[in-house]
Amino acid sequence: MKQVQRVLARYSSDLFGMCSSLYELGGLCVMHDASGCNSTYDTHDEPRWFDIDSMIYISALTESDAVMGNDDKLIDEIIEVAEAEHPNFIAIGGSPVPMMMGTDFEGIARVIEKRTGIPAFGIRSSGMHSYEAGAGQALAHLVDAFCLKTVPPGQSACRAEERKNVRDVRVNILGVTPLDFSVTGNAEGLVQFFEQNGCIVVSTWAMNNTLEQISQAGTADVNVVVSASGLLPAEKLRGAYGTQFVTGLPLGRKPSENLLDRIYEAAVVKKRTEWNTDVDAQPSEQYRAAAEGIPLPAGAALPPGALRTTRSENTARTDMQDSPSLYRTIAQVLASDPGQLVYIIGEPVFASSMRACLEQDYGARSVRIVCPLEETCGLLRECDLHTDEEDDFASAAGIADIIIADPIFRRILPRGKSVQFVDFPHEAYSGRLYRSGIPMFIGSRTL
């Protein structure tokens with residue numbers, strides 16, 4: 001019974017990660033389930049539901065269909081909807097019941113693609129894994145389905161031989177979904193940060209972006225993984241185009257400068273002769289030109305009003321020069337004793353970037369991470385914990401002086417011990433409960 005969650009919640013599932021990552025791209029996302037998952041996802045994990053239309057469907061799996069393994073019904077219904085709605089692609093994922101049935105989603109997707117001519121892919125989701133697994137798979141499928149097989153000449157922007165002279169480095173930002181960044185401006189803040197520091201943002205996977213922009217991902221010099229959801233597409237893009245990736249978030253002054261340094265270094269060493277353009281899937285008709293290597297209209301890969309300012313050699317514009325109140329709060333907590341034991345509970349890229357900020361900008365000497373997700377992105381140290389068990393969280397809270405985590409983790413604070421708790425709500429964990437309290441931790445706006 002150790003793995004039972006008594007007072008804590010569970011992270012959003014892989015099925016919801018699939019839907020969140022593909023929400024804005026005009027595709028048909030099908031959750032194969034008995035009709036309960038759609039309301040949970042829509043009401044708790046999807047803040048865009050009332051502002052942006054999207055084709056999120058539920059199969060309404062019945063008991064008899066589950067017992068008899070009636071896949072034909074699912075296929076026919078998906079095809080019927082696809083013929084009526086004309087989606088850009090079709091993504092199919094499952095919940096625990098289809099997992100126990102042994103549903104072959106990849107096989108079903110092949111049948112649907114053959115009969116409709118629309119790119120379709122099956123996601124190996126079961127509702128039993130955390131959200132980054134489903135989101136990563138879904139984003140990785142976009143590489144096969146929509147990214148350019150050949151990159152138009154002249155798209156390479158990295159022409160300098162030395163890092164200090166690199167200008168207009170083209171980057172993809174991978175792993176941007178509301179489950180990690182919500183809709184408080186952090187996704188926009190990421191784009192602004194890179195543009196203000198001499199980068200051209202080719203695509204953002206996959207908020208505030210289109211399939212046209214994503215199709216040009218191969219023209220980027222570097223991929224930036226900003227959450228665990230971006231790791232699989234980064235590896236896929238590296239295999240297809242030889243594009244290296246760096247992992248991290250621009251949190252704080254010195255870590256932001258270090259992140260930019262790593263981006264520029266990766267841009268210089270990229271060797272385009274190592275590309276392996278083995279993209280086999282055929283895109284839908286409206287993206288056929290992109291697949292054949294025909295360049296999209298000039299500027300199509302850039303967001304409207306993109307800034308082209310160049311990064312200074314001496315200092316990066318981190319937009320945290322005046323320290324937003326979140327960082328001031330943390331600084332005040334650490335001011336009395338930088339040696340206090342700090343635990344950061346949450347998604348690994350954010351947690352490791354926050355640790356770098358505390359150590360490099362605020363002098364913290366003892367910062368540990370508890371990662372509850374399945375993917376760690378290789379960012380944990382020996383002192384960190386990789387666990388999703390409530391007892392382990394409680395043990396960490398019992399020795400911590402400071403905890404930075406979603407407010408739900410307040411439930412495990414030990415009685416009789418003074419622990420400074422810094423609320424940092426996470427959409428993928430507490431959903432809409434604390435959405436209004438999700439801070440703007442990237443960009444120029446203060447809390």
Side-chain angles (χ1 to χ4, degrees), residues 14 17-18 21-22 25 27 89 91 105-106 109-110 113 119-125 129 132-153 155-158 169-177 199 201-206 209 211-248 262-283 287 290-293 295 301 348-349 374-379:
D14 49 2
M18 175 195 79
S21 63
L22 302 177
L25 302 179
F89 58 85
F105 288 108
E106 294 174 341
R110 287 194 296 269
E113 181 169 338
F121 37 86
I123 305 298
R124 295 181 180 178
S125 65
H129 301 280
E132 86 286 354
Q137 288 184 63
L139 294 176
H141 277 291
L142 296 180
V143 179
D144 287 335
F146 296 107
C147 286
L148 296 167
K149 291 185 177 179
T150 58
V151 177
Q155 291 284 351
S156 175
C158 186
V169 173
R170 298 170 67 89
V171 300
N172 297 311
I173 308 175
L174 307 180
V176 185
T177 75
C199 299
V201 178
V202 176
S203 59
T204 304
W205 296 47
N209 230 223
L211 280 178
E212 289 92 341
Q213 292 167 284
I214 285 175
S215 73
Q216 289 199 350
T219 67
D221 300 300
V222 185
N223 294 319
V224 185
V225 176
V226 296
S227 76
S229 300
L231 185 61
L232 281 180
E235 292 174 343
K236 190 81 171 183
L237 288 167
R238 181 172 61 182
Y241 303 106
T243 312
Q244 299 301 310
F245 66 85
V246 299
T247 303
R262 289 189 287 135
I263 289 172
Y264 293 126
E265 289 167 0
V268 170
V269 302
K270 178 177 179 181
K271 299 178 181 179
R272 296 185 179 274
T273 56
E274 296 178 356
W275 286 359
N276 174 27
T277 54
D278 56 350
V279 184
D280 298 324
Q282 291 297 318
Y287 297 103
E292 294 171 356
V349 179
E374 296 174 38
E375 179 58 64
T376 67
C377 298
L379 298 173

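Everything numeric here is computed off the predicted structure, so don't read it as measured data.
- Distance CG/Leu22 to CZ/Phe89: 4.5 Å, rounded to 0.5 Å.
- Put simply, the side chain of Arg170 never gets that close to the backbone of Ala267: no donor and acceptor are under 3.5 Å apart.
- Considering only residues two or more places apart in sequence or on other chains, Arg124 meets the salt bridge (charged side-chain N to carboxylate O under 4.0 Å, His left out) condition with Glu106.
- Checked against Ile214 for a side chain to side chain contact (heavy atoms under 4.5 Å, CB included), the options Asn172, Val202, Leu25 give a single hit: Leu25.
- One distance of note links CD of Glu235 with CZ of Phe245; it measures 5.0 Å at 0.5 Å rounding.
- To the nearest 0.5 Å, the span separating CD on Gln216 from CG on Leu211 amounts to 12.5 Å.
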task: Starting from the C-alpha separation in whole Å, work towards a yes-or-no answer on side chain to side chain contact (heavy atoms under 4.5 Å, CB included) for Cys199 and Val224.
output: CA-CA 11 Å; Cys199 299; Val224 185; over 6 Å; no
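- Counting all heavy atoms, side chain and backbone alike, Ala135 lies closest to Ser229 at CB-OG, 3.6 Å.
- Taking CG of Asn223 as the start and CG of Leu231 as the end, the distance is 11.0 Å to the nearest 0.5 Å.
- A distance of 7.5 Å separates CG of Asp14 from CD of Glu374, quoted to the nearest 0.5 Å.
- Shortest non-hydrogen contact noted between Ala266 and Val246 is CB-CG1, 4.3 Å.
- Residues Phe121 and Ala138 share a closest heavy-atom pair of CE1-O, 4.4 Å.
- Atoms CG and CG, on Leu139 and Leu174 in that order, are 8.0 Å from each other to the nearest 0.5 Å.
- The heavy-atom pair separating Thr177 from Ser21 by the smallest distance is CG2-CA, 3.9 Å.
- Considering every non-hydrogen atom in both Cys377 and Ala228, the closest pair reads SG-CA, 3.7 Å.
- Checked by atom type and distance alone, the side chain of Asp221 never pairs as donor or acceptor with a backbone atom of Val169 at under 3.5 Å.
- In terms of modelled atom types and a separation under 3.5 Å, the side chain of Glu375 and the main chain of Glu132 share no donor-acceptor contact.
- Not a single donor-acceptor pair under 3.5 Å links the side chain of Gln213 to the backbone N or O of Ser203.
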Derivation and outcome, side chain to side chain contact (heavy atoms under 4.5 Å, CB included), residues Lys236 and Asp144: CA-CA 9 Å; Lys236 190 81 171 183; Asp144 287 335; 3.1 Å; yes
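- Residues Phe146 and Ser215 approach most closely at O-CB, 3.1 Å, considering heavy atoms.
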